[in-house]
Protein chains: 2
Amino acid sequence: MAANSRLTIATHALAWLALAQRRGLEVLTSEQVAASVHTNPVIIRRSLGDLRRAGLVEVRRGAGAGWSLAREPEGITLLEVYDAVGAQPPFGLHHTEPNPECPVGHGIRPALSGVYGRVEQVMRRELADTSIADVLRETLAN
Amino acid sequence: MAANSRLTIATHALAWLALAQRRGLEVLTSEQVAASVHTNPVIIRRSLGDLRRAGLVEVRRGAGAGWSLAREPEGITLLEVYDAVGAQPPFGLHHTEPNPECPVGHGIRPALSGVYGRVEQVMRRELADTSIADVLRETLAN
DNA sequence: CTTGTTGCAACAGTTTCTGTTACATCAAAG
DNA sequence: CTTTGATGTAACAGAAACTGTTGCAACAAG
């Protein structure tokens with residue numbers, strides 16, 4: 001299992017919830033979502049649980065339970081989904097502290113933090129520019 | 001070992017080579033670089049080996065061997081380093097094919113590929129805007 | 001009370017990355 | 001030509017993260 005597919009799974013689930021809602025279905029069970037994503041229902045519960053804690057979806061328990069969007073799909077951005085699923089940032093610093101007696105070892109971590117911060121900022125700006133409604137529209141166009 | 005520190009290790013090594021070169025040292029051994037990064041020399045050889053294959057550094061073998069920059073530090077961008085070390089992209093698609101009979105499962109992969117491609121593009125543009133000389137300057141300012 | 005669903009813990013399997021050891025290869029220096 | 005000091009690389013261990021799976025408690029509608 002190489003790549004991080006958490007954003008993909010969560011976005012897929014949200015797009016499917018948005019389409020179901022448009023079709024008049026009030027809720028979807030994690031099993032119904034799992035059938036579309038083609039994975040185990042527990043994976044979906046974990047993912048949608050993250051989104052519930054972030055306030056993006058709502059859940060009804062007991063018999064006849066299931067998931068629904070907490071907001072309009074136009075108002076949910078991929079940045080919110082990204083933050084909700086807690087994926088790790090693309091770049092990490094040194095695992096062990098570099099040699100502080102070397103001028104490079106001493107100052108490189110704050111320097112790289114600055115660069116990585118700028119990269120993450122443009123990434124977040126791009127994710128904030130795409131909504132679940134956008135993804136669903138592009139998805140149905142294929 | 002959680003985060004991906006390959007770009008960090010490689011950039012650290014390049015900045016250290018740039019500073020050594022400015023100080024009149026022709027080459028650094030992988031052990032000298034490892035002492036600054038605070039890791040094992042084999043890690044440095046692997047990383048600098050990637051950079052050598054990408055044409056960013058040169059190596060001299062035999063006795064008195066070592067590494068040196070192949071170009072001016074102003075001309076080496078972090079984007080080239082990023083490509084050289086072959087880090088995996090930040091987002092991955094589904095591990096298994098989603099259900100093609102579901103409209104969402106059918107069209108979501110090309111839709112997400114488009115979004116992820118745009119994110120990677122802005123990331124690359126930001127990395128291309130920073131050179132090893134920039135990193136070294138900010139490093140020495142700390 | 002029954003039924004169907006979520007919540008969650010526990011665990012296995014895979015992958016990726018760092019770190020380490022060992023040894024072959026190579027080229028400069030004497 | 002031998003010695004010496006370095007790179008190149010394979011092999012392996014250990015840690016961490018993620019997906020997937022099973023099992024069961026908690027819960028609420030009917």
Side-chain angles (χ1 to χ4, degrees), chain A residues 1-10 12-13 17 25-35 37-53 57-68 70 82 85-98, chain B residues 1-10 12-13 17 20 25-35 37-54 57-68 70 82 85-98:
Chain A
M1 323 293 165
N4 210 3
S5 63
R6 280 156 75 157
L7 181 59
T8 293
I9 303 299
H12 184 150
L17 285 179
L25 287 170
E26 284 187 18
V27 298
L28 289 181
T29 68
S30 53
E31 194 152 358
Q32 288 172 307
V33 177
V37 178
H38 201 275
T39 184
N40 192 292
V42 177
I43 302 291
I44 299 299
R45 279 182 223 145
R46 283 209 275 251
S47 179
L48 288 178
D50 287 338
L51 302 180
R52 175 177 54 78
R53 276 179 283 277
V57 298
E58 286 168 349
V59 65
R60 234 166 46 196
R61 301 193 59 182
W67 305 86
S68 57
Y82 172 73
V85 298
Q88 61 182 356
F91 306 122
L93 294 178
H94 308 68
H95 291 176
T96 65
E97 183 184 354
Chain B
M1 319 299 163
N4 209 2
S5 63
R6 281 156 75 158
L7 180 60
T8 293
I9 303 298
H12 185 150
L17 285 179
L25 288 170
E26 284 186 20
V27 299
L28 289 181
T29 67
S30 54
E31 195 151 359
Q32 289 173 305
V33 177
V37 178
H38 200 274
T39 184
N40 193 291
V42 177
I43 302 291
I44 299 299
R45 280 183 224 144
R46 283 208 275 250
S47 180
L48 288 178
D50 287 338
L51 301 180
R52 175 177 55 76
R53 277 180 281 277
V57 299
E58 285 168 349
V59 66
R60 235 169 42 200
R61 300 193 60 181
W67 305 86
S68 56
Y82 172 71
V85 299
Q88 61 182 356
F91 305 122
L93 293 179
H94 308 68
H95 292 176
T96 64
E97 183 184 356

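Letters go in sequence order (proteins before strands), and every chain restarts at 1.
- If you take CG of A:Asn4 and P of D:dG20, they are 12 Å apart, rounded to a whole angstrom.
- For the segment residues 41-48 of chain B, the set of residues with a heavy atom within less than 4.0 Å of an atom of DNA chain C comprises B:Val42, B:Ile43, B:Arg46, in numerical order.
- Counting to the nearest Å, the P atom of C:dA10 and the CG atom of A:Asn40 are 18 Å from each other.
- Contact between the side-chain N/O atoms of A:Thr29 and the OP1/OP2 oxygens of C:dG4 is not found at any separation under 4.0 Å.
- In terms of heavy atoms, B:Val42 sits closest to B:Asn40 at N-OD1, 2.9 Å.
- Taking atom CD of residue A:Gln88 and atom C1' of nucleotide D:dC18, one finds them 10 Å apart after rounding to whole Å.
- A side-chain donor-acceptor contact under 3.5 Å links A:Thr96 to the backbone of B:His38.
- Considering all non-hydrogen atoms of both residues, B:Gln88 and B:Asn4 come closest at N-ND2, 4.2 Å.
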With the criterion being N/O to N/O and under 3.5 Å, what pairs connect the protein with nucleotides 26-30 of chain D, and how long is each?
residue : atom : partner : partner atom : Å
D:dA26  : N3   : A:Arg61 : NH2          : 3.2
D:dA28  : N3   : A:Ala63 : N            : 3.3

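- Atom pair B:Asp50:CG and C:dT18:C1' shows a separation of 14 Å (rounding to whole Å applied).
- Between D:dT19 and A:Ser5, a contact under 4.0 Å exists linking OP1 or OP2 to a side-chain N or O.
- Remark: C1' of C:dT6 and CG of A:Leu51 are 15 Å apart, rounded to the nearest angstrom.
- You'll find the side chain of B:His12 reaches within 4.5 Å of the side chain of A:His94, heavy atoms only.
- Between B:Val33 and B:Ala13 the shortest heavy-atom distance is CG1-CB, 3.7 Å.
- When rounded to the nearest whole Å, the span between CH2 of B:Trp67 and C1' of D:dA6 equals 10 Å.
- Pairing each heavy atom of B:Val37 with each of B:Ile44, the nearest pair is CG2-CD1, 4.0 Å.
- In this structure, B:His94 atom NE2 and D:dC18 atom P are separated by 17 Å, rounded to whole Å.
- For B:Arg52, the listed nucleotide lying nearest its side chain is D:dG8; candidates were C:dG19, C:dT6, D:dG8.
- Looking at every heavy atom in both residues, A:Val85 comes nearest to A:Ala10 through CG1-CB, 3.7 Å.
- For D:dA17, neither phosphate oxygen OP1 nor OP2 lies less than 4.0 angstrom from any side-chain nitrogen or oxygen of A:Arg6.
- Contact annotation: the side chain of A:Val59 never approaches that of A:Leu48 to less than 4.5 Å [non-hydrogen atoms, C-beta and beyond].
- Pairing each heavy atom of A:Trp67 with each of A:Thr29, the nearest pair is CD1-C, 4.1 Å.
- One atom, CD1 of B:Ile9, and another, P of C:dT18, lie 7 Å apart when rounded to the nearest Å.
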